[in-house]
Amino acid sequence: MRQLLKLIKAEILMLYGELKHYYFNYIFYNLGIVIFFIGIIKNFDFKDNVILQIVSLITWHIITSSISYLCNVIQDEAVMGTLEQLFLTKANILKIFLSKVIVNVMFTLAKSIILFCICLLVFHKNIDTKITFYFIIITLIVEILMAIGSYSFGLFLGGIALYFKRISSFVQVISNILLFFSGILITIKPNNILYYILPIPSGIDIVRLSLYGSLKIKPILIFMVITMVYIIISIIVFNKFMKKTKKDGVLGNY
């Protein structure tokens, strides 16, 4: 535990250094996300509440950022030639990645809250539903669990990145699929098979039901089960690819 806390502290200091030196890039990256959200909401005729559309888009942003994070970390380490050194340190490699993920989760959620507030200010005239404390708490819990599941799936992709090194195009394909076919832009109902394969439809359904004060147990159970399945499968796949990468001697290759 002490080792993990030291790793988390080191990651926080590293993130602070990046923000301090590359603040210009961070500002315009997030400005681009805001413009993208505003453009999507203004130019698409959604049937759902504006608040739900904002939450849906932020959910997509959290998920795509989360699943690509470990891939980017592994690719950057491979480019710098330090990937092999990570596996040779005394610290467990999963603990190293866990510390990076914990810090990045906090950073991503903080950005998402700011994005949500900005979008509320932009679309406040289009919002005709009262935002309750209950809705905010449920939404935060869902987004945190969604982030945990997404980072776990990122571990799945990270395992693939260990072996193939560059998989950014593959991650982009997944990101586009999630945007158009997972319930972000269209409502996926329980009679659709995707409702039981992806965590996004049931997660957004929980948020929608909490907004209207009619939360049910079924979407919660489906959401929790799917998230746990993704976490378990991702850990297994990562370990398999890690062993295969070491066995084939391609850990240090790029």
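All values reported here derive from a predicted model rather than from experimental measurement. As a basis for the values below, the full set of heavy atoms in this structure was taken, side chains included, without hydrogen atoms, waters or symmetry mates. Positions are given from 1 along the sequence.
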Do [X] and [Y] make a side-chain contact, defined as non-hydrogen atoms from C-beta onward lying under 4.5 Å apart?
X    : Y    : value
Y22  : Y29  : no
F116 : T139 : no
I220 : I206 : yes
E143 : L140 : no
F223 : P201 : no
W60  : T64  : yes
T108 : S112 : yes
V207 : T59  : no

Are [Y] and [X] connected into the same hydrophobic cluster when the rule is that any two of I, L, V, M, F, W, Y join if their side-chain heavy atoms are below 4.5 Å apart?
X    : Y    : value
I33  : F24  : no
L98  : I232 : no
L57  : L31  : no
V225 : Y196 : yes
I113 : L145 : yes

Is atom [atom1] of [X] surrounded by more than 12 heavy atoms (other residues, nucleotides or ligands) closer than 6.0 Å?
X    : atom1 : result
Y16  : OH    : no
F181 : CZ    : no
F36  : CZ    : yes
M106 : CE    : yes

Taking all heavy atoms of [X] and all of [Y], pick out the closest pair and write down the distance.
X    : Y    : value
S66  : Y151 : OG-CE1, 3.3 Å
L162 : T245 : O-CG2, 3.7 Å
N30  : L115 : O-CD2, 4.1 Å
V142 : G203 : CG1-O, 3.7 Å
F156 : S234 : CB-OG, 3.5 Å
C71  : G158 : SG-N, 4.0 Å

If you round to the nearest 0.5 Å, how far is [atom2] of [Y] from [atom1] of [X]?
X    : Y    : atom1 : atom2 : value
F37  : I41  : CZ    : CD1   : 8.0 Å
C119 : I38  : SG    : CD1   : 6.0 Å
S210 : I138 : OG    : CD1   : 5.5 Å
I204 : M146 : CD1   : CE    : 6.0 Å
H61  : S175 : NE2   : OG    : 11.0 Å
S150 : Y230 : OG    : OH    : 9.5 Å

From CA spacing to verdict: side chain to side chain contact (heavy atoms under 4.5 Å, CB included), I197, I226 | CA-CA 7 Å; I197 295 175; I226 295 173; over 6 Å; no
Working for side chain to side chain contact (heavy atoms under 4.5 Å, CB included), residues L155 and I235 = CA-CA 7 Å; L155 192 64; I235 293 173; 3.9 Å; yes
Are any side-chain N or O atoms of S152 and backbone N or O atoms of I231, one a donor and one an acceptor, separated by less than 3.5 Å?
-> no
With no hydrogens and no angle check, is any side-chain donor or acceptor of S65 less than 3.5 Å from a backbone partner on I62?
-> no
Tell me, please, which residues at least two apart from Y195 pass ring pair (Phe, Tyr, Trp, His ring centres under 6.0 Å).
-> none
Sorted by chain and number, sequence neighbours left out, ring pair (Phe, Tyr, Trp, His ring centres under 6.0 Å) with F123 holds for none
What do you reckon, are the aromatic ring centroids of Y26 and Y23 less than 6.0 Å apart?
-> no
With sequence neighbours excluded, residues passing salt bridge (charged side-chain N to carboxylate O under 4.0 Å, His left out) with K100 = E11
Apply side chain to side chain contact (heavy atoms under 4.5 Å, CB included) to F238 and F97, showing your working.
-> CA-CA 12 Å; F238 179 81; F97 286 150; 3.6 Å; yes
